Protein chains: 2
Amino acid sequence: MRHAIHNPPGEAGCSGCEQQPRCLAGRFDEARREQLVSRLRTGIRCLPRYPLFHAGDRFRYLYIVQSGSFKSWRLERNGDQQVLGFHLPGDVLGIDGIRNGTHTSAAQALQSSRVCALSLARNPESLDGLSWFNAGLLKAMSRASSQDQEHLVIMGRRQATQRLAMFLRRLRRQYRRLGWPDDELTLTMSRADLASFLGLVLETVSRLFSQLHESQVLEVRRRRVTVLDPERLRQLSEAEAVSG
Amino acid sequence: MRHAIHNPPGEAGCSGCEQQPRCLAGRFDEARREQLVSRLRTGIRCLPRYPLFHAGDRFRYLYIVQSGSFKSWRLERNGDQQVLGFHLPGDVLGIDGIRNGTHTSAAQALQSSRVCALSLARNPESLDGLSWFNAGLLKAMSRASSQDQEHLVIMGRRQATQRLAMFLRRLRRQYRRLGWPDDELTLTMSRADLASFLGLVLETVSRLFSQLHESQVLEVRRRRVTVLDPERLRQLSEAEAVSG
DNA sequence: CGATTTCTTTGACCGAGGTCAATTCAAGGG
DNA sequence: CCCTTGAATTGACCTCGGTCAAAGAAATCG
């Protein structure tokens with residue numbers, strides 16, 4: 001059945017995890033990491049569409065993406081959903097729940113993925129003595145905040161082409177950071193999700209891809225996107241902003 | 001001269017500060033707060049336009065707004081600025097600098113204001129034993145993240161009227177939370193700043209205000225806005241989203 | 001206090017992108 | 001293997017909001 005979480009058969013915590021260099025909890029030596037063991041569940045498998053949490057859920061865990069990808073969104077009163085972000089390995093999910101113990105956004109897997117769950121719900125004060133961890137957490141949250149700000153900048157620029165170009169360049173940067181090939185991008189989100197994320201309608205996104213294909217900037221085969229002309233993509237992303 | 005910081009004449013730390021119930025550092029008893037004293041400079045006065053930090057500045061302090069208001073923004077390569085947020089008493093500024101020690105956004109006062117500066121730059125690990133404070137900091141950052149998400153939702157909806165309506169309702173909520181009158185709103189930002197924040201051009205914002213005035217929803221006299229018909233404002237903010 | 005600057009409003013025009021609708025393509029299930 | 005279903009593409013049309021321009025209202029300064 002879909003939508004199920006399977007416990008890992010015999011994964012042994014963080015040892016061997018590829019994401020260690022990027023991970024909030026992995027940046028530290030084994031001894032330190034063991035201090036977290038009682039709070040950390042590693043390698044939880046999520047099938048596509050598996051929801052980590054919904055808006056309104058009680059805050060229980062902070063999730064660290066280990067592999068795969070996720071999307072997060074807010075649901076409006078009128079049933080309309082606004083995609084807030086796409087999340088790759090190393091990203092932390094669920095931050096919005098810390099504030100008052102309730103999630104205000106939702107998150108689900110876009111493909112088969114793994115996450116680690118970090119229990120923070122009860123007495124976060126007991127992180128005392130784990131200040132090394134706290135510092136890491138602060139940085140992770142600061143990073144999440146920066147990403148939101150980048151997103152806001154994209155949403156502020158009006159030209160649709162520019163938005164998509166900015167998004168693709170940002171994605172390339174993220175892929176590169178993860179050591180993945182950054183010329184052959186495999187999008188894990190639908191046109192609808194991407195459109196929502198960019199503040200456009202899906203038809204527009206589709207047309208833009210066709211256009212950029214036509215003009216030899218990209219090679220687009222559905223969700224397989226190859227960047228043919230990175231320089232032109234840069235120009236498009238930096239085009240003079242609408243005067244706003 | 002403008003743009004100057006004046007040290008407070010004789011303010012004695014947090015005692016007597018109106019923002020205590022909302023403040024990150026103020027929620028705790030005097031004894032605890034004294035633990036922070038070496039890291040905390042309270043009641044720093046900022047004249048209008050005084051910049052707390054610029055993009056690229058080395059991260060030194062986290063700022064807590066005590067009175068007045070601020071705006072934060074990112075400057076793009078082409079000189080265009082995207083307003084990221086407006087900040088009222090109790091808000092924390094400078095979070096984006098924690099990540100790697102450099103600010104990626106800028107912030108400045110919109111009016112005569114006061115902030116408290118909290119030194120976090122060097123060895124944040126030394127916050128050990130201040131876990132009560134760390135927990136507060138986490139919540140403050142979570143709150144900032146929620147606000148960014150609300151902003152993203154506004155930017156995602158296309159209809160300009162809806163954006164402004166959502167913004168005004170959000171502002172009302174914030175004013176109420178601060179114990180200020182929420183029917184007579186005094187905007188502290190220019191039309192241009194508000195337009196950038198909402199992803200519109202200033203002419204559009206100006207026209208929207210005129211329209212809402214015309215239709216008896218608001219009374220607008222430049223930056224003095226009175227909400228005449230809150231119910232209608234709610235309807236406008238919740239109107240069916242563009243299908244996107 | 002008059003002069004200059006800055007902020008805001010208003011009008012006329014028009015194009016980017018949203019709307020509606022139909023078609024094509026790919027994948028998964030019985 | 002075909003059929004169903006959902007995702008993506010493409011086209012025709014039209015509106016919302018951006019552009020350009022000018023004038024009025026406040027604020028600032030010498």
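In what follows, chains are A, B, ... by sequence order, proteins preceding strands, each numbered from 1. Just so it is clear, the structure is predicted and the values come from calculations on it, not from any experiment. As a basis for the values below, the full set of heavy atoms in this structure was taken, side chains included, without hydrogen atoms, waters or symmetry mates.
- Taking atom CD on Glu214(B) and atom P on dG11(C), their separation rounds to 10 Å, with Å as the unit.
- Within the 4.0 angstrom heavy-atom criterion, no nucleotide atom of any strand lies near Arg221(B).
- A straight line from CZ of Arg222(B) to P of dT6(C) spans 15 Å, rounded to a whole angstrom.
- Whole-Å rounding puts the Leu208(B) CG to dC16(D) P distance at 12 Å.
- By the 4.0 Å N-to-carboxylate-O rule, Arg234(B) lies close enough to Glu238(B) to be salt-bridged with it.
- Dashed line: the shortest gap from a side-chain N or O of Thr204(A) to OP1 or OP2 of dG18(C) is under 4.0 Å.
- Taking the six-membered ring where the residue is Trp, His54(A) and Trp73(A) present perpendicular rings, their angle passing 60° and hence far from 30°.
- At a threshold of 4.0 angstrom between heavy atoms, the contacts of Ser206(B) include nucleobase atoms, whether or not backbone atoms are also involved.
- Between Tyr63(A) and Phe53(A), the two ring planes are parallel [angle under 30°; tilted spans 30° to 60°].
- Per the geometry, CZ belonging to Arg49(B) stands 11 Å off C1' belonging to dC7(C), to the nearest Å.
- Atom P of nucleotide dT9(D) and atom CG of Leu218(A) are separated by 12 Å, given to the nearest angstrom.
- With hydrogens and angles left out, the side-chain atoms of Gln19(A) and Arg22(A) include a donor and acceptor closer than 3.5 Å.
- Within the helix from dC1(C)-dG30(D) to dG30(C)-dC1(D), the inter-axis angle between the opening and closing five-pair segments is 50°, rounded to 10°.
- In this structure, Ser190(B) reaches the sugar-phosphate backbone alone: every heavy-atom distance under 4.0 Å involves primed, P, OP1 or OP2 atoms, never a base.
- One atom, CD of Gln211(B), and another, P of dG11(C), lie 12 Å apart when rounded to the nearest Å.
- Under the 4.0 Å criterion applied to side-chain N and carboxylate O atoms, Arg143(B) and Asp91(B) are assigned as salt-bridge partners.
- For Glu203(A) and Ala160(A), each mapped to the nucleotide of DNA chain C holding its nearest heavy atom, the one lying further toward the 5' end belongs to Ala160(A).
- With dT9(C), dG17(C), dT19(D) as the candidates, the nucleotide lying closest to the side chain of Gln159(A) is dG17(C).
- For the pair Asp193(B) CG and dT6(C) P, the interatomic distance rounds to 15 Å; values are reported in whole Å.
- Nucleotide dG17(D) holds its P atom 14 Å from the CE atom of Met155(B), rounded to whole Å.
- Taking the nucleotide of DNA chain C with the nearest heavy atom to each of Arg191(B) and Arg207(A), the more 5' of the two is matched to Arg191(B).
- Using the six-membered ring where Trp is involved, His103(B) and Phe59(B) have ring planes that are perpendicular, over 60° apart on the 30 and 60° scheme.
- Among the atoms of the strands shown, none is found under 4.0 Å from any heavy atom of Arg163(A).
- Below 30°, between 30° and 60°, or above 60°: for His151(B) and Phe197(B) the angle between ring planes is below 30°, a parallel geometry.
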